[in-house]
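Model, not experiment: these values are computed from the prediction.
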Amino acid sequence: MSALADRAASRSTRPSRSGRPAARSGTGGNALTHPTRTGVLLVLPALAFVVVFVLAPLVFAVYMSLTNWPLIGSYDFIGVANYVAVASDPVFWKSVGYTVLYTAIITLPILVVGYVLALVVRSNRRGSTLFRTIFFLPYVIGLTTLSFLLVLEAQPSSGAVNIVLRWLGITDGTTAWLVDGPLATGLIIVMIVWAVSGLTMVLLMGGMQGIPRDVYESAEMDGAGWWQRERSITVPLLRRTIAMSLVISVIGSLLAFTQFYVLTRGGPGTDTQTVVMYVYQRGFVQLQLGAASALSIVLVVVIGLVTAAQFRLLREKD
């Protein structure tokens with residue numbers, strides 16, 4: 001490696017055909033450098049977007065959380081009373097427990113199914129492009145549309161879910177999926193795994209295609225089988241991509257709202273009520289925007305801590 005580096009260095013200082021030394025990159029000569037002011041001007045639009053649409057709403061939400069802000073009418077500054085109330089709110093903690101359980105159940109299946117789909121479509125064989133499109137299509141359709149379709153297909157006796165299960169002899173075809181907490185949760189998990197695994201597939205497939213083919217050929221010449229190559233080469237080299245996929249999946253699960261709002265409205269009772277649904281209820285049903293803002297700030301902090309912990313646990317060690 002040192003010999004290659006020495007040859008590269010000698011080529012960089014070798015005189016050009018005109019007899020003058022070749023220009024070097026740096027701060028002098030003909031380097032493509034720009035004043036600091038140019039960089040600041042280029043960054044300003046993105047910075048303004050972040051300030052206006054991220055930082056300013058976040059600061060305002062923190063202020064609202066320190067008040068008893070209603071949706072309509074005057075408000076008073078009450079300090080940390082909303083945060084104190086969070087600690088003694090049993091419905092909130094029940095929604096937290098349900099959200100954590102949902103996240104723990106759904107994260108691994110999304111990764112496994114996405115990885116299997118990536119294995120199927122990572123090559124350039126005939127039909128790979130078609131399969132990529134088919135597998136990714138549910139994610140493009142969106143959770144809202146899929147959730148409304150599932151409302152129709154989960155109806156007792158008439159929905160496709162019950163018809164298929166009755167044809168397979170698993171149930172009698174009259175199961176009311178959406179009025180039972182565990183059954184509704186299981187059905188939602190199946191739908192989400194099917195809908196979101198396409199995104200994980202795309203992420204992992206991009207990482208797989210970035211692994212040099214020579215590495216696999218060398219391992220194959222050493223007698224490594226397919227499973228050994230996947231375990232010893234693909235998975236270690238995909239560590240960062242897998243970590244990113246897990247972070248995206250966990251954050252999305254902790255913020256789950258659409259599928260539960262459309263399919264169960266948090267019911268029966270509060271059996272399928274997620275944290276975000278509870279925040280929505282406090283803010284736009286009970287019209288307690290101050291309390292809802294406090295709950296949102298707590299949720300942001302928790303997600304930040306969970307994400308930091310994931311990056312710490314999944315980071316590559318030198």
Closest non-hydrogen atom pair, Ile192 against Leu143: CD1-CD2, 3.4 Å
In terms of heavy-atom contacts, Asp271 and Gly181 come closest through CB-CA, 4.3 Å
Are the side chain of Arg132 and the backbone of Val121 linked by a donor-acceptor contact shorter than 3.5 Å? yes
Going by the rule ring pair (Phe, Tyr, Trp, His ring centres under 6.0 Å), which residues pair with Phe260 if we only count those two or more places apart in sequence or in a different chain? Tyr98, Tyr102
Tell me, do Ser245 and Leu204 make a side-chain contact under 4.5 Å, heavy atoms counted? yes
Enclosure of Phe257 CZ (heavy-atom neighbours >12, cutoff 6.0 Å): yes
Keeping the roles fixed (side chain from Thr175, backbone from Thr171), state whether a donor-acceptor pair exists under 3.5 Å. no
Are Val116 and Phe131 linked, directly or through intermediate hydrophobic residues, by side-chain heavy-atom contacts shorter than 4.5 Å (ILVMFWY only)? no
Looking at every non-hydrogen atom in both residues, tell me the closest pair between Ala256 and Val276 and how far apart they are. O-CB, 3.9 Å
NZ or CZ of Arg265 within 45° of Tyr261 ring axis and under 6.0 Å: yes
Looking only at heavy atoms, the pair that brings Arg282 and Ala291 closest together is NH2-CB, 3.1 Å
Say whether, by atom type as modelled, one donor and one acceptor occur between the side chain of Thr274 and the main chain of Thr99 under 3.5 angstrom. no
Looking only at heavy atoms, what is the nearest atom pair of Gln155 and Asn162, with distance? O-ND2, 3.1 Å
Any donor-acceptor N/O pair, Thr307 side chain to Ile303 backbone, under 3.5 Å: yes
Close side-chain approach of Val179 to Pro268, heavy-atom, < 4.5 Å: no
Give a yes or no on whether the backbone of Val151 and the side-chain of Trp177 come within a donor-acceptor separation of less than 3.5 Å. no
Would a distance-only check, ignoring hydrogens and angles, find a side-chain to backbone donor-acceptor pair under 3.5 Å from Ser147 to Leu263? no
Any donor-acceptor N/O pair, Trp69 side chain to Ser74 backbone, under 3.5 Å: no
Look at the side-chain heavy atoms of Ile, Leu, Val, Met, Phe, Trp and Tyr, link any pair under 4.5 Å apart, and say whether Leu152 and Val190 land in one connected group. no
Restricting to ring pair (Phe, Tyr, Trp, His ring centres under 6.0 Å), what partner residues turn up for Phe92, sequence neighbours left out? none
With no hydrogens and no angle check, is any side-chain donor or acceptor of Asn68 less than 3.5 Å from a backbone partner on Asp76? yes
Smallest separation among heavy atoms of Ile110 and Ser197, with atom names: O-OG, 3.8 Å
Beyond-backbone contact of Leu55 with Val50, side-chain heavy atoms, under 4.5 angstrom: yes
Are Val43 and Phe49 connected, step by step, through hydrophobic side chains (Ile, Leu, Val, Met, Phe, Trp, Tyr) whose heavy atoms are closer than 4.5 Å? no
Is there a donor-acceptor pair under 3.5 Å between the side chain of Glu153 and the backbone N or O of Ala160? yes
Side chains of Val202 and Tyr139 in contact at under 4.5 Å (non-hydrogen atoms): no
Is Ser65 reaching over with its side chain to a backbone N or O of Val62, donor-acceptor style, under 3.5 angstrom? yes
Would you kindly confirm whether Leu137 and Val193 end up in one hydrophobic cluster when ILVMFWY residues are joined by side chain heavy atoms under 4.5 Å apart? yes
Could you check whether any side-chain heavy atom of Leu101 comes within less than 4.5 Å of a side-chain heavy atom of Ile105, counting everything from C-beta outward? yes
